[in-house]
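Step one of this worksheet: look at the structure below.
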Number of protein chains: 4
Amino acid sequence: MGKVDIKKQQKKEALLNAAYDLFTTKGIHKTSISDIVEQAGMAKGTFYLYFSDKYDIRKKLITHKASQIFRKAMTDLKEEQTDNLEDCILFIVNHVIDQLDADKSLLNFISKNLSWGIFKSAMISKPADDEVDFYAFYIELFEASEKKYQNPEVLVYMIVEFVNATSHSSILYNEPVPIDELKPFMYESIRRMIRSMEM
Amino acid sequence: MGKVDIKKQQKKEALLNAAYDLFTTKGIHKTSISDIVEQAGMAKGTFYLYFSDKYDIRKKLITHKASQIFRKAMTDLKEEQTDNLEDCILFIVNHVIDQLDADKSLLNFISKNLSWGIFKSAMISKPADDEVDFYAFYIELFEASEKKYQNPEVLVYMIVEFVNATSHSSILYNEPVPIDELKPFMYESIRRMIRSMEM
Amino acid sequence: MGKVDIKKQQKKEALLNAAYDLFTTKGIHKTSISDIVEQAGMAKGTFYLYFSDKYDIRKKLITHKASQIFRKAMTDLKEEQTDNLEDCILFIVNHVIDQLDADKSLLNFISKNLSWGIFKSAMISKPADDEVDFYAFYIELFEASEKKYQNPEVLVYMIVEFVNATSHSSILYNEPVPIDELKPFMYESIRRMIRSMEM
Amino acid sequence: MGKVDIKKQQKKEALLNAAYDLFTTKGIHKTSISDIVEQAGMAKGTFYLYFSDKYDIRKKLITHKASQIFRKAMTDLKEEQTDNLEDCILFIVNHVIDQLDADKSLLNFISKNLSWGIFKSAMISKPADDEVDFYAFYIELFEASEKKYQNPEVLVYMIVEFVNATSHSSILYNEPVPIDELKPFMYESIRRMIRSMEM
DNA sequence: TATGAATGAGGGTTCATTCAT
DNA sequence: CATGAATGAACCCTCATTCAT
């Protein structure tokens, strides 16, 4: 990569970081392009060299952040010695929830913006600089499992949506109960969800 | 109610209807106060006599629409002779999903904007002209049930969030599968969720 | 007309005047909406209450100015006792040229922007506050004439375009000759043009 | 010419061609320097090595295109055996109109931008690679003519402006009549214009 | 020569809100 | 109560021009 390309990469990252900061603190709709470039320390026009508009940068951020979370969970899972699918999934779920609990602005950003479509593209994306491939790993998980499942994609869909939807209010507002109180119920529900789809 | 009060009520309703129309067709962020008053056939300033801003009217709309859906489901449930709690809940869930499936713009509006806080206030709200009280009914349901549950509020929370989250993409985009295909999996999951909280 | 309507009319006129000033001095493309409202002494948004954009106000200005010129010529013609069509036309042409010669920025504005379509609409327009109707007068002129012409509209078209096109450079830059030197040639040409279309 | 000079010439021509394409399709004001260099397949900065701005390239284009039209007419005229000045002029006029009629975007470009000043410089310009010199030819035409004229330059001026002004709307919009219908009137007018300046 | 990333002033336009009528 | 003309800050986006490479 030439000097110029490195500089370009840096500019792009500066914009992504600035946008993330502002989206998580002020919210997307109250964040203007002007805010972003000011925070990133560059001229307005520069933004448009890298992104087409606010929603373009948002999409790239969500994809990036969501895949980051899952990859982290996956990496840690590999160090555990769990061969049971149910336990694997719960390990990942728990790991993800802990990450979101630890970074509430991240949670806010993700759960307000994550759609199933974006989730899938985040999972499938395999950027050159990411070493691990979450999607391949998750396929492998199901294939390695002794028990087989009726519709793995639907199962994952239901779990992802369930976790995303229920953790939001619990983590941020302790409503209806704090996350630690909710977890046992969630996890038991998820276990039963999984079992309900066994073949 | 005097003549003046009736006129005021009509204005307010005209504004609510106009706002709902526009929010569901153009989306909230592309709907301006000007659009609303124009569609409602009155002057800009009049809006501010009834609502403080766009988000005020949105909140009132969601509350109204959400409680409408549940009350409709509840009314129909009463005509069934079901005393089993599990079946009752699934009846309501199914009824709600069918309503959302039949009115996709309503689904879009609700699921983008419904939060647990708003849901609760919608349930508890007991407007003068609504004859039935959904919240009282739901409390009664749990009390009449033979089986007792560890934390009824958490159970309802999980079900509401689960249904809201999973039906959105399935109904609107057939992703990951169409709603009819998803239903059996959802319903079985909900049944097991309920059982997991039995005492 | 109520007080409010009078104020509106004044605002509109202030905008038209400001725009005309700027268009004739800086040119249309170097004149911004900001410039116009600043000169008119009002807020930017006000502009959009009266005109849709820069080209809307330009069109209205040209129409207005062009019809003004012709109406003035016509009014003066009525005081002359000329019943010969050829003389009438040349009277008007001369009158128009003298007006343009006296107000060079008007000439510049008109000849850069006048198209046959706009000219026709300017002639036919009969705003409530204009007492005389140029189009009716011109029809009448041809009808009253002893001599008849093959295609009066084409004749007028050719004369208008000829005068507009040839006077521009002559008045503004004395090229190829000053307007006073050009006039005899122009007028003789026009006379022959007219005769060439006699029936 | 060295290799480098040839390359430079090619770049310049590529820019001219690109600009002409864009000016005639999108119009000058909607064409940006970016558009031009993109279409020409080179970098933005390169434009400024050859032209000072958009209006510089426009001027060069008009000059080039206008002289091209006249030279073509002139070349064809030479093959005819016409010694009568009036017939010569009408041959050229007709030839020019037919060219403009056949290439409407050229007509649009020319007549919107042609001024007498530019016309003269186009006529007088004698680029190295053009073999024939229109200006010399036209001087010769008048000198060879039996009949003498009061002010040849004014005569040409009036004809050029007349043709340019009247053909525009007729060819592009059939207003007030299509060009074929207009021609006889135009040509008869031009003949009389010429005769009116005989000495 | 040639490049193209970076600039940033300035364009048009929208719209929530106010307030005199 | 109701109006709607007026406001003006704030928005997004374009683009001619520069300059280090």
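Residue numbering restarts at 1 for every chain, and letters A, B, ... go by the order of the sequence lines. Note: hydrogens, waters and symmetry copies are ignored here, and every other heavy atom, side chains too, is used.
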Item checked: Atom pair distance, as rounded to whole Å: CZ in Arg58(C) and P in dG12(E) -> 13 Å
Checklist line | Selection residues 18-38 of chain B - residue pairs positive for salt bridge (charged side-chain N to carboxylate O under 4.0 Å, His left out), sequence neighbours left out | finding: Lys26(B)-Asp35(B)
Next item on the list: Quickly work out the Lys12(A) NZ to dA5(E) P distance and round it to whole Å.
Entry: 13 Å
Check: Are more than 12 heavy atoms from other residues, nucleotides or ligands located less than 6.0 Å from atom NZ of Lys54(A)?
Finding: yes
Next item on the list: Check the distance between dA10(F)'s P and His29(A)'s NE2 and give it to me in whole angstrom.
Entry: 18 Å
Next item on the list: Report the residue (Val4(A) or Lys8(C)) whose heavy-atom-nearest nucleotide on DNA chain F is the more 5′ of the two.
Entry: Lys8(C)
Item checked: Stretch residues 36-56 of chain C: residues that reach within less than 4.0 Å of DNA chain F through a heavy atom -> Met42(C), Ala43(C), Lys44(C), Gly45(C), Thr46(C), Leu49(C), Tyr50(C)
Notebook entry, point to check: What is the minimum heavy-atom distance between Lys60(D) and Phe51(D), and which atoms define it?
Noted result: CD-CE2, 3.9 Å
Item checked: Contact summary for Asn113(A) and Arg58(A), nearest pair of heavy atoms -> OD1-NH1, 3.3 Å
Next item on the list: Check every strand shown and say whether Lys7(B) touches a base, only sugar-phosphate, or nothing at a heavy-atom separation below 4.0 Å.
Entry: nothing
Next item on the list: Would you mind reading off the distance between Leu15(C) atom CG and dA5(F) atom P, rounded to a whole angstrom?
Entry: 14 Å
Notebook entry, point to check: Could you state the NZ-C1' distance from Lys30(B) to dC12(F), rounded to the nearest angstrom?
Noted result: 12 Å
Note to self: In this structure, how many angstroms lie between the P atom of dC15(F) and the CD1 atom of Ile33(D), rounded?
What the structure shows: 11 Å
Note to self: Do Lys65(C) and Tyr20(C) form a cation-pi contact, if we require the NZ or CZ to be under 6.0 Å from the six-membered ring centre and within 45 degrees of the ring's axis?
What the structure shows: yes
Margin query: If the cut-off is 4.0 Å, is Lys3(A) near the phosphate of dA5(E), judged by side-chain N/O to OP1 or OP2?
Written below: no
Checklist line | Nearest non-hydrogen partners of Asn164(B) and Ser111(B), listed with the distance | finding: OD1-CB, 3.0 Å
Next item on the list: Answer yes or no: is there a donor N or O on one side and an acceptor on the other, between the side chain of Asn108(C) and the main chain of Lys104(C), under 3.5 Å?
Entry: no
Notebook entry, point to check: Looking at Lys11(D) and Thr46(D), what are the two nearest heavy atoms and their distance?
Noted result: CD-CG2, 4.4 Å
Note to self: Within the structure provided, determine whether Trp116(B) and His168(A) are in side-chain contact (heavy-atom separation under 4.5 Å).
What the structure shows: no
Next item on the list: For DNA chain E, just give me the dot-bracket, please: Watson-Crick or G-U, both distances below 3.5 Å, ( ) intra-strand, [ ] crossing earlier pairs, | paired with another strand, . unpaired.
Entry: .||||||||||||||||||||
Item checked: Any Ser32(A) side-chain nitrogen or oxygen under 4.0 Å from OP1 or OP2 of dC11(F) -> yes
Item checked: Separation of atom CG in Asp35(D) from atom C1' in dG4(E), rounded to whole Å -> 16 Å
Check: Rounded to the Å, how far apart are Lys26(A) NZ and dA10(F) C1'?
Finding: 11 Å
